[in-house]
Structures are given as structure tokens and as C-alpha cells.
> 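Got a structure for you, questions after.
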Amino acid sequence: MEPHKLISVSKQFAWVYLRLQRLIDRNLSRHGASLAKIRLLAFLEDGPKRSTDIASFFGQAPRTVTQAIDALEAAGHLRRMPVPGDRRTKLLELTAEGRAMLGRAQPLYEAILSRTMGALSEDELNKFADMLTKVEAAVDLIEPASK
């Protein structure tokens, strides 16, 4: 495939993704949340994690993650728990308030997705999902997932 076309389509995808993220973030901020907070809380939804897991997954500096964790802990959305046998490491887990915030954010998030991604027919959405899976598999070959 022509390199110019690869760059053009990749750039278009990146810009649409960034605009969609900004749109979602603005919508959430009107309701006291932010996309960054919701992402972090959603990452913890399936179980406790270490701050280093969070920094690695999101590609953020440990200091940035620590600041976000501190703010979410102060707001009562997560708590630090000791790790048996390791005094230095703490696990982070959602609190009931953190789960409630995710619950409040979900309909707001879904409304934006419905108005944007909903522009695609079900068939188009299925094809798009298949294409993204194919691109993700190619990325995994270059940068194995550290999930």
C-alpha cells in the first residue's frame, strides 16, 4: 500500500479519536468527572492493581499516576491496601464511591458514543471492529501486549 495513504488514514483515525476523547471529557467534566479519572477507575474495576501497573498500561510517568491516585483517594474513589509480604508496595482498589462514579459516568459516555459511533450501521460497526482487531493484532506483533 502507498505510504502516503497509510499516513493519511492513520492521521485521520488519530484525529477523530482525539476529538472523540475531548468530546467525552468535556461531557464528563460537566458532571464532575473526567475521562482520565474514569479510565483509571475502569482499569481498577476488574481488581486491585499496583500503581506501576497503571503507569505501564497508560504509558504515564509514575509521578503523574501518583498525583491522579492521590486525588482519587482524597475524593474517596479508591483506596490503597497493603500487599502481604511487601511493605513498600500498595494495591489500589475501587471503593463503593468509585464504582458509583463509574456508574454515573457510563450513561454519559454511552450517549456520546451513541451519537458518534452510532452514525455507523450495525454492519459497518462490525466491519470496523474487525478492522481494528486486525490492526491491533499487527501492533501486538511489534509490541507484545503487557496486559
Side-chain angles (χ1 to χ4, degrees), residues 7 9-147:
I7 291 169
V9 170
S10 296
K11 188 187 237 183
Q12 181 182 11
F13 175 75
W15 291 159
V16 169
Y17 172 79
L18 289 172
R19 289 181 65 205
L20 182 58
Q21 298 307 292
R22 282 195 314 264
L23 182 61
I24 292 167
D25 193 47
R26 278 195 308 270
N27 190 284
L28 290 172
S29 70
R30 285 190 219 116
H31 296 86
S34 75
L35 190 53
K37 289 177 186 177
I38 296 303
R39 280 184 180 147
L40 200 151
L41 294 175
F43 186 67
L44 295 174
E45 193 172 26
D46 64 344
K49 307 273 190 314
R50 298 172 302 150
S51 62
T52 54
D53 298 330
I54 295 167
S56 175
F57 182 81
F58 290 106
Q60 297 288 322
R63 180 73 187 137
T64 302
V65 171
T66 298
Q67 290 173 335
I69 290 167
D70 289 347
L72 288 167
E73 183 180 35
H77 296 129
L78 61 80
R79 71 177 143 260
R80 289 176 166 100
M81 302 179 327
V83 174
D86 187 348
R87 291 184 357 202
R88 295 175 300 161
T89 303
K90 301 285 185 214
L91 285 177
L92 304 161
E93 81 171 348
L94 283 180
T95 62
E97 180 52 38
R99 288 188 192 287
M101 177 179 250
L102 279 174
R104 290 188 303 272
Q106 189 70 27
L108 302 170
Y109 187 78
E110 288 174 4
I112 295 293
L113 291 181
S114 178
R115 292 177 62 197
T116 55
M117 298 296 285
L120 301 175
S121 70
E122 188 170 345
D123 185 52
E124 289 169 327
L125 195 57
N126 289 334
K127 287 177 183 173
F128 187 52
D130 290 344
M131 288 185 275
L132 288 175
T133 298
K134 198 172 186 178
V135 171
E136 184 178 27
V139 170
D140 286 346
L141 289 174
I142 298 167
E143 179 185 77
S146 59
K147 297 175 187 172

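The basis for the numbers below is simple: all heavy atoms, side chains too, and nothing from hydrogens, waters or symmetry mates. Along the sequence shown, residues are numbered consecutively beginning with 1.
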> Could you go through the side chain to side chain contact (heavy atoms under 4.5 Å, CB included) check for F43 and L92 one step at a time?
CA-CA 10 Å; F43 186 67; L92 304 161; over 6 Å; no

> Could R104 and E97 be called an ion pair, given the rule that one side-chain N must be under 4.0 Å from one carboxylate O?
yes

> So which atom in V65 and which in S51 form the shortest heavy-atom distance, rounded to 0.1 Å?
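Of all heavy-atom pairs spanning V65 and S51, the closest is CG1-O, 3.9 Å.
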
> Taking atom CD of E124 and atom OG of S121, what is their separation to the nearest 0.5 Å?
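Going from the CD atom of E124 to the OG atom of S121 covers 3.5 Å.
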
> Got F13 and L132 here, is their nearest side-chain heavy-atom distance under 4.5 Å?
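Yes, close enough: below the 4.5 Å cut-off.
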
> Side chain to side chain contact (heavy atoms under 4.5 Å, CB included) for M131 and V135? Distances and angles first, verdict last.
CA-CA 6 Å; M131 288 185 275; V135 171; 5.6 Å; no

> Provide the closest heavy-atom pair for R87 versus K90 in the form atom of the first, atom of the second, distance.
O-NZ, 4.1 Å

> Closest heavy-atom contact between L35 and Q21?
CD2-OE1, 3.0 Å

> What is the minimum heavy-atom distance between G32 and K37, and which atoms define it?
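It is O-NZ, 4.5 Å.
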
> Measure the spacing between CG of L20 and CG of D25 and express it to the nearest 0.5 Å.
11.0 Å

> Measuring from M117:CE to I112:CD1, what's the distance to the nearest 0.5 Å?
13.0 Å

> Ignoring hydrogens and geometry, is there a side-chain-to-backbone donor-acceptor pair from T95 to G76 under 3.5 Å?
yes

> Give, for atom CG of D70 and atom CZ of R80, the distance between the pair rounded to the nearest 0.5 Å.
4.5 Å

> Can you tell me how far OG1 of T64 sits from CD1 of I69, rounded to the nearest 0.5 angstrom?
10.5 Å

> Check for a donor-acceptor pair, side chain of N126 on one end and backbone N or O of E122 on the other, with a separation under 3.5 Å.
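Confirmed, N126 side chain pairs with E122 backbone.
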
> Any chance you could lay out the side chain to side chain contact (heavy atoms under 4.5 Å, CB included) test for L102 and L94, step after step, and finish with the verdict?
CA-CA 10 Å; L102 279 174; L94 283 180; 3.9 Å; yes

> Might you work through the side chain to side chain contact (heavy atoms under 4.5 Å, CB included) test for L44 and I54, ending with a clear yes or no?
CA-CA 9 Å; L44 295 174; I54 295 167; 4.2 Å; yes

> To the nearest 0.5 Å, tell me how far L28 CG sits from I38 CD1.
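L28 CG to I38 CD1: 6.0 Å, rounded to 0.5 Å.
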
> Given 3.5 Å as the limit, does a donor-acceptor pair link the side chain of S114 with the main chain of E110, or not?
no

> Is the side chain of S29 donor-acceptor paired with the backbone N or O of R26 at a distance under 3.5 Å, no angle test?
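A pair under 3.5 Å: yes.
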
> Is the shortest distance from a Lys or Arg side-chain nitrogen in D130 or K127 to a carboxylate oxygen in the other one below 4.0 Å?
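Salt bridge: no.
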
